[in-house]
Amino acid sequence: WLAEHADVVLLFFDPDKPGTTGETLDCLTHSLSGLEHKLHIVMNKVDSFRHIHDFARAYGSLCWNLSKVIPRKDLPPIYTMFLPQEALGRAESAPTPLSAAMAELEATRGDVLREVARAPERRIDNLITRTHDS
């Protein structure tokens with residue numbers, strides 16, 4: 001019920017358990033079925049990776065797990081999210097092999113924030129869809 005009435009649905013995955021729980025699979029196959037236009041998948045805490053290959057492994061695992069339960073030819077976009085160091089009140093940390101990719105990860109973080117900010121605009125579309133479907 002809640003997802004049907006929401007304007008935007010964000011489904012977060014942590015790197016240590018990328019979409020492998022039964023609750024997550026049930027949520028995607030039953031609760032969010034038919035609401036794909038509202039669903040935004042987010043891999044959270046991407047700044048916790050030390051190496052780019054760790055990020056790639058977790059991202060690939062998430063894609064693999066989602067491909068089993070999302071009945072589409074192509075997976076929807078998977079956004080990345082993290083808390084910037086400034087938001088945590090920390091100074092810049094020592095560079096890691098993933099530091100070079102942080103600018104690109106920051107851009108997709110911005111995409112998530114823009115989708116949330118657009119929620120009021122989407123409300124009308126969602127009301128029309130819900131009215132049409134009932």
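All values reported here derive from a predicted model rather than from experimental measurement.
Qualifying side-chain contact (heavy atoms from CB on, under 4.5 Å) partners for Ala56, counting only residues two or more places apart in sequence or in other chains: none. Here Pro76 pairs with Ile41, Ile70, Arg72 under the side-chain contact (heavy atoms from CB on, under 4.5 Å) rule; sequence neighbours left out. The side chain to side chain donor-acceptor pair (under 3.5 Å) check on Lys68 picks up nothing, with sequence neighbours excluded. With sequence neighbours excluded, no residue forms a side chain to side chain donor-acceptor pair (under 3.5 Å) with Asn44. Taking the side-chain contact (heavy atoms from CB on, under 4.5 Å) definition, one finds that Thr80 meets it with Val46, Phe55, Leu105, Thr108, sequence neighbours left out.
The minimum heavy-atom distance linking Pro15 with Ala58 is given by the pair O-CB, 4.1 Å. The two residues Lys38 and Asp7 come nearest to each other via the heavy atoms CG-O, 4.0 Å.
In this structure, the separation between CZ on Phe82 and CE on Met43 is 14.0 Å, given to the nearest 0.5 Å. To the nearest 0.5 Å, atom CD1 of residue Ile78 and atom SG of residue Cys63 are 3.5 Å apart. One finds the OG atom of Ser61 at 9.0 Å from the CG atom of Leu66 (value rounded to the nearest 0.5 Å).
Its side chain within the 4.5 Å cluster rule, Leu113 clusters with Val8, Leu10, Phe12, Val42, Tyr79, Met81, Val112, Val116 among the Ile, Leu, Val, Met, Phe, Trp and Tyr residues.
Using a 4.5 Å cut-off between side-chain heavy atoms of Ile, Leu, Val, Met, Phe, Trp and Tyr, with links allowed through other members, Trp64 and Tyr59 fall into different hydrophobic clusters.
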